[in-house]
Protein chains: 2
Amino acid sequence: MPATLKDIAQLSGFSITTISRALGGYSDVSPKTRQRIIEIANQIGYEPNLVARQLRQQQTHTIGFIIPEDTFSDGFFSQLLMGIGHAAAQYHNDVLISTQLPDNEELAAYRRIAGGNRVDGMVVARTRQNDPRITYLESIGLPYVVSGRLAPDEVSDFPYIDVDSQDGVRKAVIHLTERGHRHIALILPPQEMAYTAYRLLGYCLGLDDANIPYRDEYVVTGNLEHSGGYEQTHYLLANFPAITAIVACNDHMALGTMEAIRERGLTVGKDIAVIGFDDIVSAGIATPPLTTIRQPIFEIGERLIQMLIQIIQNQPPKEQQVLLPTTLVIRQTT
Amino acid sequence: MPATLKDIAQLSGFSITTISRALGGYSDVSPKTRQRIIEIANQIGYEPNLVARQLRQQQTHTIGFIIPEDTFSDGFFSQLLMGIGHAAAQYHNDVLISTQLPDNEELAAYRRIAGGNRVDGMVVARTRQNDPRITYLESIGLPYVVSGRLAPDEVSDFPYIDVDSQDGVRKAVIHLTERGHRHIALILPPQEMAYTAYRLLGYCLGLDDANIPYRDEYVVTGNLEHSGGYEQTHYLLANFPAITAIVACNDHMALGTMEAIRERGLTVGKDIAVIGFDDIVSAGIATPPLTTIRQPIFEIGERLIQMLIQIIQNQPPKEQQVLLPTTLVIRQTT
DNA sequence: ATCTTAATCCAAAACGTTTTGGATGTCAAC
DNA sequence: GTTGACATCCAAAACGTTTTGGATTAAGAT
């Protein structure tokens, strides 16, 4: 039974309206009155009921973020979340997180949170091809912002921030060809990930730059986890001994790749070069430290929120579709 | 302008009450009516306004979690959060996250979120000595649950889940003495952390078990980050060359310790043994893989929520103060 | 004395829902 | 034809706030 405006009204003898306006800093309440009211409010530990305020004002100062269920140990997601939380706080917004359970229909959480008026806007991550979440958010007209574009053959006509992963992978491949590698394998993310196509494209361009022919059998798909890199690397090295370098499309897989290489009695960085993607914390402290394509995950989270807040406030930013550059962080696996 | 009960009422000719009760599954509405109402609701894409519902029912089905500002890259925190989110979802609860900004007064966020009725309960982590957040939550009577006890000299008479870190460190020290180490250093967390005392205690007990005298100069304090382990290790090894083993109170610091050891031309696991604490993902994939005291972080998050939900539902669990065991994961740094 | 103006204050509506306490109608039993 | 019993429905209050559109009073101008 927390204190309400009504309580202060009764204690002070003023009306609820006046209490509200006094605490709200309006000018139509006399200094003495205001002081008295503030005094009482402090004394009984009044805190405004935010739910009531939200209902009345029809805004929540809250941003929604729905976490897929299979993302427990994903360094990318938690770092993105930290960036989101940090920026949101600067705009006096909180973040409402809903974890999606395996058995639930995918859109259910979006309907509940977004359709149920619990948030002013949403950030959606991990776009897949033809993403139904975007269709839904568009249909209800709620502000949203996306981490990652759609695939190159789809139009991404919504506000997003993505990283130029095509260019990133290309730089990585060039880096390898410059060191003499000509048999370079690629471990892609699953097909349905929207960015997969960009990475494959970058790989092809990189090979092209060095006049190396594309070989389909050097390109495989991993599950984005340690095990994916591990298994595919064993497969690749067992079947194509000519391979001297492997580009994995995230750091988790790259670390799995390193382990597989070691298991085969080879030396990472000497016999087989490895490049990852993301530059998560583990990459820098792996042994040997992993050469990787860094994307500024925390910053992406921050900028997503900046963009979203502007859209919520009806001041759509000029740049609604941002492509951030990647950096090739050269460490000791190449 | 999302659809409301009123809209359905107007379209169907029934009253708002009936709409509400039809959709709510009450038995006092005829099958035909209910069917018609559901039909219209689906047709216009009705979703209940959760804010209104929260206000009316005086409960939010939301759990609050406030993240300190200095926790961006902390693997512990994000993993705890994942556990929290996962368990909360199973109880149909969402998680409201508020990031605390550096300049803000600490309790401000708690007052806003907890005092402002935005959540049904809170989980507080990273207890410090004489924690004011607990005092506050207790004063307003909001259900809460704590990750980690207070220091041994304070009474922790609130629901918590902690890990028996005293026993953990003791096991680690015993493991080291069994391998012949007699000059074992300890890098503690900052004083104000409540669990620091437990770890020091475990260290003392472990030494005692092997009849090794306690030496004050072997015990230092680090900042819980990579740099803390790094700097203190350089200090220790420069001043006390007799040291052959270092226990760091979290994995981040342990990884810093490993780096410092390498920089001094020594070999981790051979010249100097290292043991960490937590068993974050990076520990297992470090090179060499880090021997560490594992605490089940994800599970702690889950159990915190189970406990909290029970308290919220007024069914206080018999076990309100849980001490989970740690596991010494022996890898290759010892 | 009357009129303006400014300074304070407040009643009531509104946000969208759930819940309480009936109201109405129908049908069977007597 | 009266009485219950049951099925179906609904008006109004309530949750705690903000906001609208005045009302009241006092002071200053004429």
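Numbers restart at 1 for each chain; the letters A, B, ... are given by sequence-line order, proteins then strands.
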Original post:
Any donor-acceptor pair under 3.5 Å joining the side chain of A/Arg56 to the base of D/dT18?
Top reply: yes
**OP:** Output yes when at least one side-chain N/O atom of B/Gln58 is less than 4.0 Å from OP1 or OP2 of C/dT18, else no.
**Re:** no
Subject >> Integer-rounded Å distance: D/dT8 P and B/Ile19 CD1 >> reply: 16 Å
**OP:** First locate atom CG of B/Leu324, then atom CD of B/Gln295, and finally report the distance between them rounded to the nearest 0.5 Å.
**Re:** 9.0 Å
**OP:** Applying salt bridge (charged side-chain N to carboxylate O under 4.0 Å, His left out), run through A/Arg126 and A/Asp131 and close with a yes or a no.
**Re:** CA-CA 9 Å; A/Arg126 279 247 186 122; A/Asp131 206 305; over 6 Å; no
**OP:** Write down the distance between CZ (B/Arg53) and C1' (D/dG16), rounded to a whole number of angstrom.
**Re:** 19 Å
**OP:** Please tell me which of the listed nucleotides, C/dC9, D/dC9, D/dG16, lies nearest to the side chain of A/Thr33?
**Re:** C/dC9
Original post:
Salt bridge between B/Glu192 and B/Arg128, side-chain N to carboxylate O under 4.0 Å?
Top reply: no
Original post:
Please give, in whole Å, the distance from C/dT18 P to B/Gln59 CD?
Top reply: 12 Å
Original post:
Is it the case that B/Ser15 and B/Thr18 place a side-chain donor and acceptor less than 3.5 Å from each other?
Top reply: yes
Original post:
Hey, would you say the B/His86 and B/Phe298 ring centroids sit under 6.0 Å apart?
Top reply: yes
Subject >> Value in whole Å for how far the C1' atom of C/dT18 lies from CD of B/Gln54 >> reply: 14 Å
**OP:** Scan B/Gly116 against the nucleic acid and name what it touches under 4.0 Å (heavy atoms): base, sugar-phosphate only, or nothing.
**Re:** nothing
**OP:** Could you tell me if the ring centre of A/Phe65 sits under 6.0 Å from that of A/Phe77?
**Re:** yes
Original post:
Can you tell me how far P of C/dC15 sits from CD1 of B/Ile16, to the nearest Å?
Top reply: 10 Å
Subject >> Separation of D/dT17 P from A/Phe14 CZ (nearest whole Å) >> reply: 18 Å
Original post:
Between B/Leu50 and B/Arg21, which is nearer to the 5' end of DNA chain C once each is assigned its nearest nucleotide?
Top reply: B/Leu50
**OP:** By nearest nucleotide on DNA chain D, pick out whichever of B/Ser30 and B/Leu55 is the more 5' one.
**Re:** B/Ser30
Original post:
For D/dT19, does OP1 or OP2 lie under 4.0 Å from any side-chain N or O of A/Tyr26?
Top reply: yes
**OP:** Would you please confirm or rule out a distance under 4.0 Å between OP1 or OP2 of C/dT19 and any side-chain N or O of B/Gln57?
**Re:** yes
Original post:
So does B/Tyr46 get a side-chain nitrogen or oxygen closer than 4.0 Å to the phosphate oxygens (OP1/OP2) of C/dG16?
Top reply: no
**OP:** Take atom CZ of A/Arg118 and atom P of C/dT17, then tell me their distance rounded to the nearest Å.
**Re:** 15 Å
Subject >> Gap between atoms CG and C1', on B/Leu5 and D/dA13 respectively (whole Å) >> reply: 16 Å
**OP:** Return no unless some side-chain N or O of B/Thr18 is found under 4.0 Å from OP1 or OP2 of D/dT8.
**Re:** no
Subject >> Along DNA chain D (nearest heavy atom to each residue), the more 5'-positioned of A/Ala52 and B/Asp28 >> reply: B/Asp28
Original post:
If you take atom types as modelled and just measure distance, does the side chain of A/Thr17 reach the base of C/dA11 with a donor-acceptor pair under 3.5 Å?
Top reply: yes
Original post:
Which is true for B/Thr4 with a 4.0 Å heavy-atom rule: it touches a base, it touches only sugar-phosphate, or it touches nothing?
Top reply: sugar-phosphate
Original post:
Which is true for A/Asn49 with a 4.0 Å heavy-atom rule: it touches a base, it touches only sugar-phosphate, or it touches nothing?
Top reply: sugar-phosphate
